[in-house]
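Structure first, then comments.
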Number of protein chains: 2
Amino acid sequence: MSDLLERLRGRGWRMTSQRRVVAEVLDGDHVHLTADEVHARAAQRLPEISRATVYNTLGELVSLGEVIEVATDGRAKRYDPNAHHPHQHLVCSRCGTVRDVHPTGDPLADLPTAERFGFMVSQAEVTYRGLCPSCA
Amino acid sequence: MSDLLERLRGRGWRMTSQRRVVAEVLDGDHVHLTADEVHARAAQRLPEISRATVYNTLGELVSLGEVIEVATDGRAKRYDPNAHHPHQHLVCSRCGTVRDVHPTGDPLADLPTAERFGFMVSQAEVTYRGLCPSCA
DNA sequence: TTCTTGACTTAGACTCCGTCCATCGTAGGA
DNA sequence: TCCTACGATGGACGGAGTCTAAGTCAAGAA
């Protein structure tokens with residue numbers, strides 16, 4: 001994750017303790033935290049950090065393409081740091097748990113030009129839904 | 001849409017003017033209204049209708065499988081009455097417009113058992129994103 | 001090293017979307 | 001026609017996220 005900190009510094013980010021802590025919290029595999037969970041974990045290391053800062057930092061990381069926002073349902077968005085390896089998501093309909101998955105095939109290729117209605121289509125997100133082992 | 005009203009009556013729905021109006025508002029192709037838009041349109045015909053009733057009725061239609069809930073982004077959910085023809089959605093990243101699309105291929109078949117992690121996977125939603133002709 | 005400045009952070013008010021609840025109204029069967 | 005359980009109402013409530021005004025501080029300049 002120091003890679004990430006380096007990349008951010010290279011993009012002109014002012015490196016503050018808050019940003020460092022948020023980036024560190026997101027470090028790790030297959031972690032899909034909500035903004036509030038990120039805030040709670042960040043606050044363990046930096047008790048004064050505010051919710052607004054966490055939201056700001058997450059938003060910046062998303063717009064830089066370093067983190068992916070996953071809208072699970074009506075619930076809170078989750079943040080996925082695994083942004084540099086293309087993948088899709090498997091969501092538990094009951095508890096909201098998210099896993100990264102790697103389907104075969106390319107969904108973008110499955111959308112014929114006639115079905116694009118003049119849109120400049122740039123992305124296809126696949127969300128698989130079902131019950132996780134604990135909820136089934 | 002009188003089909004829909006018939007089906008609902010057949011399922012034991014008490015037919016009230018509010019439910020009738022909500023069902024009628026959702027009538028039509030390729031309409032993807034938010035709950036507030038449904039409420040606004042319903043209120044043109046039935047000014048006293050309450051937001052709670054619109055939410056209740058939409059929720060019932062969704063759980064009966066007559067309408068699909070589309071979570072486009074962080075914004076309000078949209079309601080898609082085209083529930084009896086399998087399809088996916090194409091969303092404009094700028095203005096949020098939604099279109100129904102019909103890709104080839106079956107995304108569920110693209111998820112190998114080894115990538116299901118013990119989930120009982122029942123559904124695959126594909127959301128294509130890009131810019132619509134007006135926003136491009 | 002100190003100064004300077006504008007980018008960053010903070011707390012809390014606010015908005016938006018949706019749900020809940022107590023009460024009232026009414027569809028439809030007897 | 002009457003009854004009653006199902007449905008509607010509207011206002012309070014809650015969670016998630018945004019905004020704002022004021023204070024703070026990282027990092028370049030001198």
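Residue numbering restarts at 1 for every chain, and letters A, B, ... go by the order of the sequence lines.
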Non-hydrogen atoms of [X] and [Y] that approach each other most closely:
| X | Y | value |
| --- | --- | --- |
| A/Phe119 | B/Cys92 | CE2-N, 3.8 Å |
| B/Pro103 | A/Pro112 | CA-CD, 4.4 Å |
| B/Val126 | A/Pro107 | CG1-CB, 4.4 Å |

Worksheet item: How about B/His89 and B/His32: are their ring centroids closer than 6.0 Å?
Response: yes
Roughly, in whole Å, what's the span from [atom1] in [X] to [atom2] in [N]?
| X | N | atom1 | atom2 | value |
| --- | --- | --- | --- | --- |
| B/Arg11 | D/dC6 | CZ | C1' | 18 Å |
| B/Arg51 | D/dA12 | CZ | P | 13 Å |
| B/Leu8 | D/dC6 | CG | P | 17 Å |
| A/Gln18 | C/dT9 | CD | P | 5 Å |
| B/Arg20 | D/dA8 | CZ | C1' | 15 Å |
| A/Glu48 | C/dG12 | CD | P | 14 Å |
| A/Leu33 | D/dG17 | CG | P | 13 Å |
| A/His39 | D/dT18 | NE2 | P | 15 Å |

Discussion item. With a sphere of 6.0 Å drawn around NE2 of B/His84, does it hold more than 12 non-hydrogen atoms of other residues, nucleotides or ligands?
Written reply: yes
Practice prompt. Mark yes when over 12 heavy atoms from residues, nucleotides or ligands other than B/Met15 sit less than 6.0 Å from its CE; otherwise mark no.
Written response: yes
Worksheet item: Using a cut-off of 4.0 Å between protein heavy atoms and nucleotide atoms, how would you tag nucleotides 24-30 of chain C 5' to 3' with B, S and -?
Response: --BBS--
Worksheet item: Counting N and O atoms only, with roles assigned by atom type, does the side chain of B/His39 sit under 3.5 Å from a partner on the main chain of B/Ile49, one being a donor and the other an acceptor?
Response: yes
Item to complete: Examine distances only and state if a side-chain atom of B/Arg116 and a backbone atom of B/Leu111 form a donor-acceptor pair shorter than 3.5 Å.
Response: yes
Worksheet item: Mind checking whether B/Val38 and B/Val22 have side chains closer than 4.5 Å, heavy atoms only?
Response: yes
Discussion item. Just to be sure I understand the rule, does A/Arg19 reach a base, reach only the sugar-phosphate, or reach nothing, if contact means heavy atoms closer than 4.0 Å?
Written reply: sugar-phosphate
Worksheet item: For DNA chain C, what residues of residues 52-66 of chain B have any heavy atom nearer than 4.0 Å?
Response: B/Ala52, B/Tyr55
